[in-house]
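First comes the structure, then the notes that go with it.
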Amino acid sequence: MARAYDVIEVERKWQRRWAEDGTYEVDADDPRPPWYVLSMYPYPSGPAHMGHVRNYTFGDLLVRHRTMLGYAVLSPFGFDSFGLPAENAAIKTGTHPRIFTDARIAELKESITSLGAVYDWRREIRSHDPEYIKWNQVIFQRLLAAGLAYRANAPVNWCPGCKTVLANEQVLPDGTCERSGDVVVKRDLEQWFFRITEYADELLAGLDDLEWPERVKTMQRNWIGRSEGAEYDLVVAGRDGTDGRERMALRVFTTRPDTSFGMTYAVVAPEHPMVDALTTPEHQNEVAELRKRAAASTDVERMSESGPLSLAKRGAFTGSSVINPFTNRPVPVYVADYVLMGYGTGAIMAVPAEDHRDWDFAQAYGLPVVRTVRPPEGWEEHGGPNGGPGGAYTGAGEKINSEWLNGLDITTATAKATEWLEAEGIGVRKINYRLRDWLISRQRFWGCPIPIVYCPDHGIVPVPVDQLPVLAPDDVQFLPTGESPLATNPQFLNTTCPLCGGPATRETDTMDTFVDSSWYFLRFTDPWTPDQPFDPDIARHWMPVDQYIGGIEHAILHLLYARFFNRALVDLGLAPAGMREPFAHYYAQGMIRMDGTKMSKSKGNLVAPSSYLSTVGADALRLFHLFVGPPADDMDWTDQTDSVIEGCGRFLDRVWRLAVPAGEAVPLLQEGPLTPKDLEVRRATHRLIDRVTRDFERWSYNTAVAACMEFVNLLHPYARADGQAQVLDEAVDTLLLLLAPMTPHLAAEAWEHRHGDHVHLHPWPVADPELAAEESVTMVVQVNGKVRDRIEVAPDISEAEAEALALGSAVVMEALGGRSPRRVIVRPPKLVNVVV
RNA sequence: GCCCGGGUGGCGGAAUGGCAGACGCGGUGGACUCAAAAUCCACUGUCCGAAAGGGCGUGCGGGUUCGAAUCCCGCCCCGGGCACCA
């Protein structure tokens, strides 16, 4: 497609200039008000893909727009450069991951630059940079000292594909690895954890004040999963205590202490430590069988076994009973795998009448049901599944069969039952969370080493801060054994104990790469400080991030970890006090799909931006991404997409011809009174400013672009025929200023032709309300809600005038056909509705 | 199963109680040209009609309102999240 200007040359020219002139390099002593915009730093996997283009187009628009509004805009960029792909490539090709990664970074950086996106590159961060590794390790030591990092033996998620353990957040709901798709298995291993649960309540409460998409906040709330209830002891019938207590007791957690009178049995998880003690000799085989099966089954198998039929296979009677303290009557104890060891106390009081799972189990095992909440009328006939009889009733209602709770509502009864438990010394009020501590150990090479030494005499010894960073050796072999080269490298493994100088071994695991991304936004504020991760006072100047942009796939993972880390760093005194939330606004842009699936390297359905950059150019591609639809929506890349991109290029050509006319342009009037057409163009100019400014504020870029297109459609005939020079100049200059954040190259080049200076250094235009005011508006006249006539009226027309005009309309009179209006609705100056 | 989104021309989408379909893509016709490309102009929801004009129309069914794509109730479909968390 032949273009009106040399797109490639012009774009290259401005990209070079922006890199040289330092317009977008800002420092904390800048007198302008600070504003921090950040796109999630990417894993460097080579040249930018379409998702990057989309993401960085929004980010760059904000940088340029906010700069024109007079802010000192902090816009850094970096690379989340640790991770498995580089290590896998090393195994395949023998190239060291650093060499591989640095090459991918160079490619990505180059393609980001060729989009015309501007950053303060002095602040660039690479996770694998020794300096960044050092501060990562220093922070680890500080967390360790504060008790927020610890080592523990726990059943953890092992991904056989990635050959490493994973955090809970990195396992998909179906039990597969979010990265490789392999089925994750449970293993008991000694691993490093960060105590994120310490902040569970705060992480939950903090969500309320964040201007984030509601669905993201909901996802985090679900993930944290707070539930309020009570924990209490069930004394085991006829058994003495083994741990010094007089009686053996089973502790249970419930959110419904009010239903305690309806407990007809109790359940312990198969992994519960008391199972052996509870199991009588005659039930041992049955219980052992169940425990074996539970231990062997993956989460996926557990899922596929749901349903009442399989429930029968998943429980076993222990032979013991516990005393319900509310009724003083014994109930049987079962082992069942629908109770999880990892939540609450790993044991429950079962109330089939008011819990669906307990109901199903009770049905399968013929256990009794005692209602403690009066179900609604007709419940026993068709309250159950598919309208069948009975079923658990979990709704509100009056307490029954509950002695001193009878007649109360659920809330009051819950409070009273909890008070009673505490008064009797049987139990306590308790809040439980679904959130678990963050497992950060990874059995991989290409990550930040955990700076720990194991000494036979001193145990776990942190590497002293003055010896950091602990770096992985370069001289290692990458073999497809699945084992990290660190684990078998004697020169790395063998060291001396920092305390006693005796022989010791190093920790060979590295940190989850989500650790790197949990504080990089803080490091960006001050990446030069030599003696701390960043200066808290400088961080305070820029933080929190005013606008964070990134994909919805990080709704839980990265965004939750970063919120935790930020708080921990504040509490450690590393980050500014009081600055607990790192991201004030977060915008989740939609993903690009092709043939119904996410466009990605692994799906093999990538469309390379480079082919567009070398043909239609960066501006047209950027404009396309802004124009195609709301940024939060997913977009489908189809056969027709190329035509739309070309249409964007066509629009830019039209702007160019308007702004930089070729020789034979029609000379316009230089002065004289303004005609109605002149006034219309001037009005449109000021209305456009208003429109685009408001659309930018609400992320409605598609309508902002549409408004500009409409404006250009108005200006072209005007410029050809009947224009007044000053009016046209104001119109075109305004248009270029408004386009400057969206299509920066075109705007810069055209502006330079017209004025010789830089469009991006000009302030954002402000609409003059007087010039924008309409001198007449079209008033719609309806009869019974149907449009019958349109009349041009003054914007400040009175109700009486509007009504008179409408009723006087020939069309209306005809429609009325002599009938007199029953009612006339007048909404000046837009509408009159005559009702007959 | 529960909780969020969403359903508008051939397509992407606009309109948040007041002219449905802005803007763009695609399509049709025309101007320019020896011709093509590029550019420019006109038309383009659907049905009836030669036209003027009119009927219908925002997933389906009801309701509120002078007036509903927009608000309310019920249903269908699509997308996402959660799902033995006691």
Side-chain angles (χ1 to χ4, degrees), chain A residues 1-4 173 213-223 225-227 229 231 252-256 259 267 269 299 302-303 305-307 311 314 336-340 342-351 354-358 360-361 385 432-436 552 555-556 593 596 623-624 627-630 632-636 638-648 650-651 653-654 657 700 702-713 716-717 720 778-790 821-827 830-836:
Chain A
M1 158 180 183
R3 296 292 297 266
E214 209 48 51
R215 65 188 165 136
V216 175
K217 296 205 273 185
T218 306
M219 281 160 78
Q220 292 216 354
R221 284 191 191 105
N222 289 343
W223 188 261
R226 177 191 151 106
S227 53
E231 223 177 72
V252 294
F253 172 72
T254 178
T255 55
R256 294 288 304 274
T259 63
V267 186
D299 287 351
R302 271 197 177 187
M303 296 274 299
E305 278 174 22
S306 56
L311 271 172
R314 288 205 261 136
D337 68 359
Y338 81 92
V339 172
L340 309 172
Y343 187 78
T345 61
I348 61 158
M349 60 139 189
V351 185
E354 277 102 30
D355 183 284
H356 295 289
R357 297 150 299 178
D358 296 345
D360 290 344
F361 191 82
N432 262 316
Y433 297 92
R434 208 184 84 109
L435 182 71
R436 308 296 155 75
I552 192 84
I556 294 173
R593 282 181 317 213
L623 193 69
F624 161 76
F627 180 60
V628 73
D633 290 2
D634 288 349
M635 76 139 303
D636 282 304
T638 68
D639 297 349
Q640 295 167 39
T641 301
D642 279 2
S643 308
V644 180
I645 296 172
E646 273 169 33
C648 289
R650 239 185 327 263
F651 167 73
D653 284 344
R654 282 162 67 77
R657 282 190 222 103
S700 184
N702 54 333
T703 53
V705 174
C708 292
M709 288 174 166
E710 220 169 330
F711 189 60
V712 169
N713 290 344
H716 259 281
R720 262 200 307 276
T778 306
M779 183 174 79
V780 170
V781 185
Q782 300 177 329
V783 176
N784 285 338
K786 286 198 190 303
V787 180
R788 294 300 171 186
D789 201 5
R790 297 181 173 88
R822 189 159 61 88
R823 199 174 152 188
V824 183
I825 312 288
V826 188
R827 294 282 177 275
K830 302 278 286 183
L831 176 132
V832 175
N833 187 11
V834 183
V835 186
V836 290

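Side-chain atoms are counted along with the backbone in the values below, which use heavy atoms only and exclude waters and symmetry mates. To find a chain, count down the sequence lines: A is the first, B the second, and so on, and within it residues start at 1. These numbers were taken from a predicted model, which means no experiment stands behind them.
- The same atom, P, is picked in B/A38 and in B/C48; the two are 35 Å apart, to the nearest Å.
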Look for any protein N or O under 3.5 Å of an N or O in nucleotides 52-57 of chain B and output each such pair with its distance, or none.
none

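- A straight line from CD of A/Gln220 to P of B/C82 spans 12 Å, rounded to a whole angstrom.
- Here, B/A36 and B/A50 have their C1' atoms 37 Å apart, quoted to the whole Å.
- B/C32 and B/G26: their C1' atoms are spaced 23 Å apart (whole Å).
- Minimum interatomic distance between A/Met219 and A/Ala555 (heavy atoms only, all atoms of both residues): CE-CB, 3.6 Å.
- Residue A/Pro630 places its side chain closer to B/G13 than to any other of B/C40, B/G13, B/A83.
- Mapped onto RNA chain B by nearest heavy atom, A/Tyr343 and A/Glu214 fall at different nucleotides, with A/Glu214 at the one closer to the 5' end.
- If you take CZ of A/Arg822 and P of B/C66, they are 8 Å apart, rounded to a whole angstrom.
- When the side-chain nitrogen and oxygen atoms of A/Thr641 are compared with OP1 and OP2 of B/G12, none of them lie within a distance under 4.0 Å.
- Note: A/Asp639 CG to A/Thr641 OG1 = 8.0 Å, rounded to the nearest 0.5 Å.
- Between B/U8 and B/C71, the two P atoms lie 16 Å apart (nearest whole Å).
- Here the side chain of A/Asn432 pairs no donor or acceptor atom with the backbone of A/Ser227 at under 3.5 angstrom.
- Comparing the same atom, P, in B/C73 and in B/C56 gives a spacing of 28 Å after rounding to whole Å.
- Every residue meeting the side chain to side chain donor-acceptor pair (under 3.5 Å) condition with A/Asp642, not counting sequence neighbours, appears here in chain and number order: A/Tyr612.
- A straight line from CZ of A/Arg434 to P of B/G81 spans 14 Å, rounded to a whole angstrom.
- Helical stems in RNA chain B, defined as runs of 3 or more consecutive Watson-Crick or G-U wobble pairs with donor-acceptor distances under 3.5 Å: B:1-7 with B:76-82, B:10-12 with B:23-25, B:26-31 with B:39-44, B:45-48 with B:53-56, B:59-63 with B:71-75.
- With hydrogens and angles left out, the side-chain atoms of A/Asn833 and A/Arg827 include no donor and acceptor closer than 3.5 Å.
- Comparing the P positions of B/G54 and B/G59 gives a spacing of 26 Å, expressed to the nearest Å.
- To the nearest whole angstrom, the two P atoms, one in B/C43 and one in B/C23, are 11 Å apart.
- The aromatic rings of A/Tyr343 and A/Phe253 sit perpendicular, their planes meeting at an angle over 60°, well past the 30° parallel limit.
- Residues satisfying the side chain to side chain donor-acceptor pair (under 3.5 Å) criterion with A/Asp789, sequence neighbours excluded, are A/Ser809.
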Please tabulate, one pair per line, each protein N/O and nucleotide N/O from nucleotides 18-24 of chain B that are separated by under 3.5 Å, including the distance.
unit_1	atom_1	unit_2	atom_2	d
B/G18	O6	A/Arg827	NE	3.2
B/G18	N2	A/Gln782	OE1	3.4
B/G18	N2	A/Asn833	ND2	3.4
B/C19	O2	A/Arg790	NE	2.7
B/C19	O2	A/Arg790	NH2	2.8
B/A22	O2'	A/Glu710	OE1	3.3
B/A22	O2'	A/Glu710	OE2	3.4
B/G24	OP1	A/Asn713	ND2	3.0

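- Residues A/His716 and A/Arg657 approach most closely at CE1-CB, 4.4 Å, considering heavy atoms.
- For A/Asp355, the salt bridge (charged side-chain N to carboxylate O under 4.0 Å, His left out) partners two or more places apart in sequence, or in a different chain, are A/Arg357.
- By the 4.5 Å heavy-atom criterion applied to side chains, A/Gln782 and A/Ile825 are not counted as neighbours.
- Atom P of B/G21 sits at a distance of 12 Å from the matching atom of B/A69, rounded to the whole Å.
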